[in-house]
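Just below is one structure, and these are the notes that go with it.
Being a predicted model, the structure only gives us computed values, none of them experimental.
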Amino acid sequence: MEYMTIKEAAEKWNLSVRRVQSICNEGMIQGVIKFGHAWAIPKEAEKPVDKRIKTKKYIK
């Protein structure tokens, strides 16, 4: 299996590096592995769905 770095995933998915790190920490990507301080993301992994609130209405 081939892997890509956080930076490569950020460029591929048009996200910031920090956002990809958060997605990895939340476990939203299947098959992601952490080696020390670095993440290894499978090359065939798809961009996860963004679950942040976009309507500017907060759920109580």
The criterion is side chain to side chain contact (heavy atoms under 4.5 Å, CB included); which residues satisfy it with [X], sequence neighbours excluded?
| X | result |
| --- | --- |
| Glu2 | Lys43 |
| Ala10 | Val17, Val20 |
| Lys47 | Trp13, Leu15 |
| Glu46 | none |

Gln30: what forms a side-chain hydrogen bond (donor to acceptor under 3.5 Å, both in side chains) with it, not counting sequence neighbours? none
Which pair of non-hydrogen atoms, one from Met28 and one from Pro48, has the smallest distance, and what is that distance?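 Scanning both residues completely, I find the closest heavy atoms to be O-CB, 3.9 Å.
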Output every pair passing salt bridge (charged side-chain N to carboxylate O under 4.0 Å, His left out) with a member in residues 4-18, not counting sequence neighbours, ordered by first then second residue.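 Qualifying pairs, neighbours excluded: none.
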Let me confirm one number: the NZ-CD distance from Lys34 to Gln21, rounded to the nearest 0.5 Å.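 Taking NZ in Lys34 and CD in Gln21, the distance rounds to 9.0 Å.
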Straight-line distance of Trp39 CH2 to Asn25 CG, nearest 0.5 Å: 5.0 Å
Under 4.5 Å between side-chain heavy atoms, hopping through other hydrophobics if needed: is there a path connecting Ile29 to Met1? no
Does the side-chain contact (heavy atoms from CB on, under 4.5 Å) test come out yes or no for Ser16 and Arg19, once each step is laid out? CA-CA 5 Å; Ser16 69; Arg19 182 66 189 144; 3.3 Å; yes
Under 4.5 Å side-chain heavy-atom separation, chaining through any Ile, Leu, Val, Met, Phe, Trp or Tyr, what else clusters with Val49? Say none if it is isolated.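 Its cluster partners, ordered by chain and number, are none at all.
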CA sep, side-chain torsions, deciding dist, call: Tyr3, Ile33, side-chain contact (heavy atoms from CB on, under 4.5 Å): CA-CA 9 Å; Tyr3 293 96; Ile33 301 170; 3.3 Å; yes
Flag the pair Thr5 / Ile41 as yes when at least one side-chain heavy-atom distance between them is below 4.5 Å, and no otherwise. no
